[in-house]
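Chain letters run A, B, ... following the sequence lines, proteins first and then strands; every chain starts at 1. Heavy atoms only: backbone and side chains are in, while hydrogens, waters and symmetry mates are out.
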There are 2 protein chains.
Amino acid sequence: MIPKIKKINLGTQLMDTMISLIENGTWKAGEKLPNEIELANSFSVSRNIMRESMKILENFGILDSKTGIGTYISDNAISNICNMRFFESLKNNTSIEKLLETRLIIEPELAYYATLRATDEEIETLKIVLEEDTKKHLITNFFHTDDFHFHLHVAKYARNDILENLLTTILEQLSADAYGNFNKFVDNSVKIDSFNDHMAVFGAIQKRDPLLAKEIMYHHLFARMKVINPDYGTNLIYSEKIRNDRLKEN
Amino acid sequence: MIPKIKKINLGTQLMDTMISLIENGTWKAGEKLPNEIELANSFSVSRNIMRESMKILENFGILDSKTGIGTYISDNAISNICNMRFFESLKNNTSIEKLLETRLIIEPELAYYATLRATDEEIETLKIVLEEDTKKHLITNFFHTDDFHFHLHVAKYARNDILENLLTTILEQLSADAYGNFNKFVDNSVKIDSFNDHMAVFGAIQKRDPLLAKEIMYHHLFARMKVINPDYGTNLIYSEKIRNDRLKEN
DNA sequence: ATCGATTTGTTCGTATGTATT
DNA sequence: CAATACATACGAACAAATCGA
């Protein structure tokens, strides 16, 4: 398969050079840029192209244009360039395994924090979410994106916006990707196991037992990972048993 | 303090309406859009403004323009809209505590995976990084961004691009923010503790003891958190002791 | 293989609204 | 109030790429 090279147009070239100007310190944070016409001239492009590039950088929080005053380099331009790169990597990332691994890392912790931070009302909501899933589960071949409602609710109750949003994009990517279709044809026993795991996680949250919620969530996701890659974790030694052994040693 | 409402210009309005058109299903993924002139007419804006908005959406991977052919809605437009929102939240998020909490959640796991996946050469590199830090530590009042080299290397060796990039942006935000300055004036004992933690994490990685690396990293970051918010975690029960107790009970 | 139609890429000229002085 | 500097917005045009006849 030949990788499609997108022909670089003036706009993206401009964007890239402006970013490097900021990164190498030629343009410093807080600094005022020359006006659009001068800029366009100095880069030898038209004003519209100049504007298109600047608009994109403005949208990324790297530039800051104020009507009638001028355009400035954002105070946190460098940090937003970093964000932009993160975003790029997220956009191009297609490895289902890495997406699942990320879930494996963050979701047990989210379950842990959700157990500590969810209000009683929120736990009731979670119960309702599960009950609705039960209905779907009994009636149709429920799965795929439906499965995600529970996880997203748990993430919300953990009160960490960053990781909640990260999980949202990961789940969105998983359901958009082949993984979404894959799940439709997965063996029924896997679905049932998965559903029971949800019930167990909920039970732990309801009992306000954060460590238990965390452990169950981990094993739930680890089982999912095993479905798409049976070899995963053969080099890993994270397991209840070994952990127990280690802790008893001390 | 009055929140500054950025006067919505035509471009951002257009962008928002186009996104809702995609989200509510009026524009479906893979669909071809009318040409720029027709679009501009139907939205009653000039072609330039139309282009500016489309360029931004293209940059986010929501639209896909091909010279001489036309503009299409990306196949994974919805998932990229989600990414965009994540990016927005990351851009506006200023809570140092949430940034640190995210580190507290992901970095122990990254240390864990790094211990399992780092090559012997990479562990040597890590050693050199630490030695360089030692020199800086002895000579100048080393800290703040210097402290981050070690963490970023560990993240890299964990072989999870998503979380490595997330950590990079978090550390970048922390050093850009007040936190960076704050760290400059922190008590010297804190610096020494922190440095010793790094040594201990490295020791665990070198011994190929992933659980130990994870535990030390956790306590290292928890201590950092306590510096900026002494009350943090008083409602948390995550601790070696309690975990031990729980596991021995069973 | 050439031509024409279509569509994005790019440029220029001009007018308007807004903020500073 | 007037002058200035600037971003915002529009319209017309040409160039380059693509596709189908």
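Within the structure, a side-chain polar atom (N or O) of A/R51 is placed less than 4.0 Å from OP1 or OP2 of D/dT8. Close to C/dT8, at under 4.0 Å from its OP1 or OP2, lies a side-chain N or O of B/T71.
As rounded to whole Å, 14 Å separates atom P of D/dC10 from atom CD of A/E52. For B/I69 and C/dT8, the CD1 to P distance is 10 Å, given to the nearest whole Å. Atoms CD (A/Q13) and C1' (C/dT10) sit 13 Å apart, rounded to a whole Å. In this entry the distance linking CE of B/M54 with P of C/dT8 reads 6 Å, nearest Å. Rounded to a whole Å, the CG atom of B/L14 is 9 Å from the P atom of D/dC10. Between B/F43 atom CZ and D/dA9 atom C1' the separation is 17 Å, expressed in whole Å. Look at CE on A/M50: it is 15 Å from C1' on D/dC6, rounded to the nearest Å. Atom CD1 in B/I37 sits about 8 Å away from atom C1' in C/dT7, given to the nearest Å.
In terms of the side chain to side chain donor-acceptor pair (under 3.5 Å) criterion, residue partners of B/N160 (sequence neighbours excluded) are, by chain and number, A/E101, A/T102. In this view, B/R159 and A/K98, B/R117, B/T119, B/E122, B/Y157 satisfy the side chain to side chain contact (heavy atoms under 4.5 Å, CB included) rule, not counting sequence neighbours. Partners of A/S44 according to the side chain to side chain donor-acceptor pair (under 3.5 Å) rule, which considers only residues two or more places apart in sequence or in another chain, do not exist here. By the side chain to side chain donor-acceptor pair (under 3.5 Å) test, A/E164 is found to be paired with no residue, residues two or more places apart in sequence or in another chain being considered.
Mapping B/L33 and A/T67 onto DNA chain C by nearest heavy atom places B/L33 at the nucleotide closer to the 5' end. Judged by closest nucleotide on DNA chain C, B/E36 is the one of B/E36 and A/G68 placed further toward the 5' end.
Counting non-hydrogen atoms under 4.0 angstrom, A/L10 reaches the backbone sugars and phosphates but no base.
Side chain of A/N35 to main chain of A/E38: a donor-acceptor pair is present (N/O by atom type, distance under 3.5 Å, no hydrogens or angles). With hydrogens and angles disregarded, no donor-acceptor distance shorter than 3.5 Å links the side chain of B/T26 to the backbone of B/I22.
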Could I get a table of every N or O pair under 3.5 Å where one atom is in the protein and the other is in nucleotides 12-16 of chain C?
{"residue": "C/dC12", "atom": "N4", "partner": "A/N48", "partner atom": "ND2", "Å": "2.8"}

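Judged as a ring pair (Phe, Tyr, Trp, His ring centres under 6.0 Å), the pairs with a partner in residues 54-74 of chain A (not counting sequence neighbours) are, in order, A/F60-B/F60, A/F60-B/F87.
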